[in-house]
Amino acid sequence: TVKERDFESTIFAIGRIEEDPAGRSALSTRIPGRIASIHAIEGDFVEKDQVLARVESLQPGDPPPVIDLRAPRSGVVIRSHVRLGEPVTPERELMDVSDHSTLWAIATIPETQTASVKAGTLARIRIPALGETVRKARLLRFRAEADREAGALRAIFPLDNAGGDLLPGMRVEFSIVTAARKQVMSVPRTAVQGDPANRIVFVKDFELAHSFHKVPVVFGEENDAHVEVLSGLFPGDEVVTRGSYLLAFTNPSSGMSLKEKLDADHGHEHNEDGSEMTPAQREARRKEKEAELQAASG
């Protein structure tokens with residue numbers, strides 16, 4: 001239904017999921033030795049203080065002393081740099097463990113559009129790999145340096161990842177809210193068809209069921225979800241959102257009514273509103289045709 005609603009101006013941007021650098025930890029050993037056993041591999045989720053590997057010390061003994069290397073935090077083993085029996089020293093990083101409970105969605109925003117984007121700015125975020133679900137996040141800050149080649153700033157939007165469905169590297173689409181207006185008449189973007197110079201929507205007939213009229217409309221601003229209506233529609237009009245594309249590509253020049261189109265497609269008669277005839281209606285229609293033939297031949 002066409003109605004007035006709060007209308008948000010948005011900037012579209014793309015980006016990627018990245019780790020929060022503060023969530024990365026390294027596993028190392030305090031003594032030189034060799035890897036005696038490995039208890040976690042890349043991709044494993046580990047708990048804080050869980051034994052990830054054991055190191056056999058170079059100190060004399062029979063058997064030599066063995067120490068446990070424990071996870072510095074809960075998280076996912078991102079990298080493992082050890083092999084069974086490999087010699088290790090204190091200066092080496094043996095494993096990287098990353099806390100993925102919060103990840104960063106990094107938006108690449110052209111410098112010309114960043115003036116209206118401040119800390120706390122809301123963004124609607126969609127991850128194509130996860131379907132049509134939309135998440136919301138607020139801008140933490142921009143990264144310390146601009147991307148000179150792209151002429152853009154990198155904006156950081158923290159995302160909760162308690163469910164573990166987000167992975168670093170995933171593609172992200174952002175609709176970043178820069179302003180809002182109240183009581184703006186608008187329709188969903190899915191209702192709009194036609195080329196930029198001839199935009200149309202299909203409006204439901206108030207009286208004839210299953211019938212829709214192609215209406216030219218003048219639109220104003222649009223965001224990721226809605227398009228502002230400047231003229232052509234009225235509050236209370238019902239517009240087609242699901243199926244409007246199919247309606248736009250039927251043959252508008254044929255001059256056929258909805259009933260005629262359905263009759264031709266289905267091979268039998270329909271009511272004027274496009275609905276199926278009941279047995280009683282078909283019998284009444286048959287008698288009506290017989291009467292018309294008799295009158296014509298009379």
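- Going from atom CG of Leu167 over to atom CZ of Arg16 covers 12.5 Å, rounded to the nearest 0.5 Å.
- Residues meeting the salt bridge (Lys or Arg N to Asp or Glu O under 4.0 Å) test with Glu207, sequence neighbours left out: none.
- Annotation: side chain of Val229 is in contact with side chain of Phe219 (closest heavy-atom distance under 4.5 Å).
- Judged purely by atom type and a 3.5 angstrom limit, Asp20 uses its side chain to pair as donor or acceptor with the backbone of Ala22.
- Ile14 and Ile109 sit in two unconnected hydrophobic clusters of ILVMFWY residues. Membership requires side-chain heavy atoms under 4.5 Å apart, directly or through other members.
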| task | Please test Arg92 against Glu86 for salt bridge (Lys or Arg N to Asp or Glu O under 4.0 Å), starting from the C-alpha separation and ending with a verdict. | result | CA-CA 12 Å; Arg92 276 191 57 191; Glu86 182 179 12; 3.2 Å; yes
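- Using a 4.5 Å heavy-atom cutoff, the side chains of Lys287 and Glu292 are not in contact.
- Between Ile176 and Ala13, the shortest heavy-atom distance links the atoms CD1-CB, 4.3 Å.
- The backbone N or O of Pro87 lies less than 3.5 Å from no partner atom in the side chain of Arg34, so there is not a single donor-acceptor pair.
- Contact detail for His39 and Ser37: the closest heavy-atom pair is NE2-OG, 2.9 Å.
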| request: Quick one: do Val82 and Met95 satisfy side chain to side chain contact (heavy atoms under 4.5 Å, CB included)? Show the steps, please. | output: CA-CA 8 Å; Val82 297; Met95 291 186 186; 4.1 Å; yes
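- One finds the OG1 atom of Thr1 at 9.0 Å from the CG atom of Asp237 (value rounded to the nearest 0.5 Å).
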| field | side chain to side chain contact (heavy atoms under 4.5 Å, CB included) between Val97 and Leu52, worked out | value | CA-CA 10 Å; Val97 179; Leu52 304 186; 4.1 Å; yes
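- The minimum heavy-atom distance between Pro90 and Arg30, with the atom names listed, is CG-O, 3.6 Å.
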Considering only distance and modelled atom types, tabulate donor-acceptor pairs under 3.5 Å from the side chains of residues 177-192, sequence neighbours left out.
unit_1: Thr178; atom_1: OG1; unit_2: Ser9; atom_2: O; d: 3.3
unit_1: Arg181; atom_1: NH1; unit_2: Glu228; atom_2: OE2; d: 3.3
unit_1: Arg181; atom_1: NH2; unit_2: Glu221; atom_2: OE1; d: 3.1
unit_1: Arg181; atom_1: NH2; unit_2: Glu228; atom_2: OE1; d: 3.1
unit_1: Ser186; atom_1: OG; unit_2: Arg5; atom_2: NH1; d: 2.9
unit_1: Arg189; atom_1: NH1; unit_2: Glu222; atom_2: OE1; d: 3.1
unit_1: Arg189; atom_1: NH1; unit_2: Asn223; atom_2: O; d: 2.7

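- Clustering ILVMFWY residues whenever any of their side-chain heavy atoms sit less than 4.5 angstrom apart, transitively, puts Leu103 in a cluster other than the one holding Val77.
- No donor-acceptor distance shorter than 3.5 angstrom exists from the side chain of Thr114 to the backbone of Val117, with no hydrogens or angles considered.
- Side-chain heavy atoms closer than 4.5 Å link hydrophobic residues (I, L, V, M, F, W, Y) into clusters, and following such links, possibly through other members, connects Leu94 to Val46.
- Here the shortest heavy-atom pairing between Ile200 and Pro216 reads CG2-CA, 4.1 Å.
- To the nearest 0.5 Å, atom CG of residue Asp160 and atom NZ of residue Lys136 are 15.5 Å apart.
- When the side chains of ILVMFWY residues are joined at heavy-atom separations under 4.5 Å, either directly or via intervening members, Leu139 and Leu153 end up in a single hydrophobic cluster.
- Between Glu269 and the options Gln281, Arg282, Lys289, a side chain to side chain donor-acceptor pair (under 3.5 Å) holds for only Lys289.
- Residues Glu8 and Thr10 bring no donor and acceptor atom of their side chains to less than 3.5 Å of each other.
- Residues Glu56 and Pro64 are in side-chain contact: their nearest non-hydrogen atoms beyond the backbone lie under 4.5 Å apart.
- Taken from OG1 in Thr121 to CD1 in Ile11, the straight-line distance is 8.5 Å, to the nearest 0.5 Å.
- No donor-acceptor pair closer than 3.5 Å links the side chain of Asp195 to the backbone N or O of Arg199.
- Between atom CZ of residue Arg138 and atom CG of residue Leu159 there is a gap of 13.0 Å, rounded to the nearest 0.5 Å.
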| message | Would Val203 and Leu233 count as a side chain to side chain contact (heavy atoms under 4.5 Å, CB included) here? Give the steps. | response | CA-CA 9 Å; Val203 179; Leu233 296 175; 3.6 Å; yes
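- Arg70 and Asp68 get closest at one heavy-atom pair: NH2-OD2, 3.5 Å.
- Put simply, the side chain of Asp44 gets close to the backbone of Ile41: a donor and an acceptor are under 3.5 Å apart.
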| message | For Ile35 and Val55: C-alpha separation, side-chain torsions, deciding distance, then whether side chain to side chain contact (heavy atoms under 4.5 Å, CB included) applies. | response | CA-CA 5 Å; Ile35 299 296; Val55 173; 4.0 Å; yes
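- The closest side-chain donor-acceptor pair between Glu93 and His81, if any, does not fall under 3.5 angstrom.
- Other residues, nucleotides and ligands contribute more than 12 heavy atoms inside 6.0 Å of the CD1 atom of Ile31.
- The shortest side-chain heavy-atom distance between Arg171 and Ile127 does not fall under the 4.5 Å cut-off.
- By the rule that hydrophobic residues join a cluster once side-chain heavy atoms approach within less than 4.5 Å of another member, Val239 and Val215 end up as members of one cluster.
- The CG atom of Leu130 lies 6.0 Å from the CG atom of Leu166; values are rounded to the nearest 0.5 Å.
- The closest side-chain heavy-atom distance from Phe157 to Trp104 is not below 4.5 Å.
- Contact between Phe202 and Lys214 at its shortest, heavy atoms only, is CE2-CB, 3.7 Å.
- Residues Pro72 and Lys48 are not in side-chain contact: their nearest non-hydrogen atoms beyond the backbone lie 4.5 Å or more apart.
- Residues Arg54 and Leu69 are not in side-chain contact: their nearest non-hydrogen atoms beyond the backbone lie 4.5 Å or more apart.
- The environment of Arg79 atom CZ is sparse: at most 12 non-hydrogen atoms of other residues, nucleotides or ligands sit within 6.0 angstrom.
- Listed for the Gln50 side chain is a donor-acceptor partner under 3.5 Å among the backbone atoms of Glu47.
- Annotation: side chain of Asp205 is in contact with side chain of His213 (closest heavy-atom distance under 4.5 Å).
- When the salt bridge (Lys or Arg N to Asp or Glu O under 4.0 Å) test is applied to Asp224, the partners found at least two apart in sequence or on another chain are Arg124.
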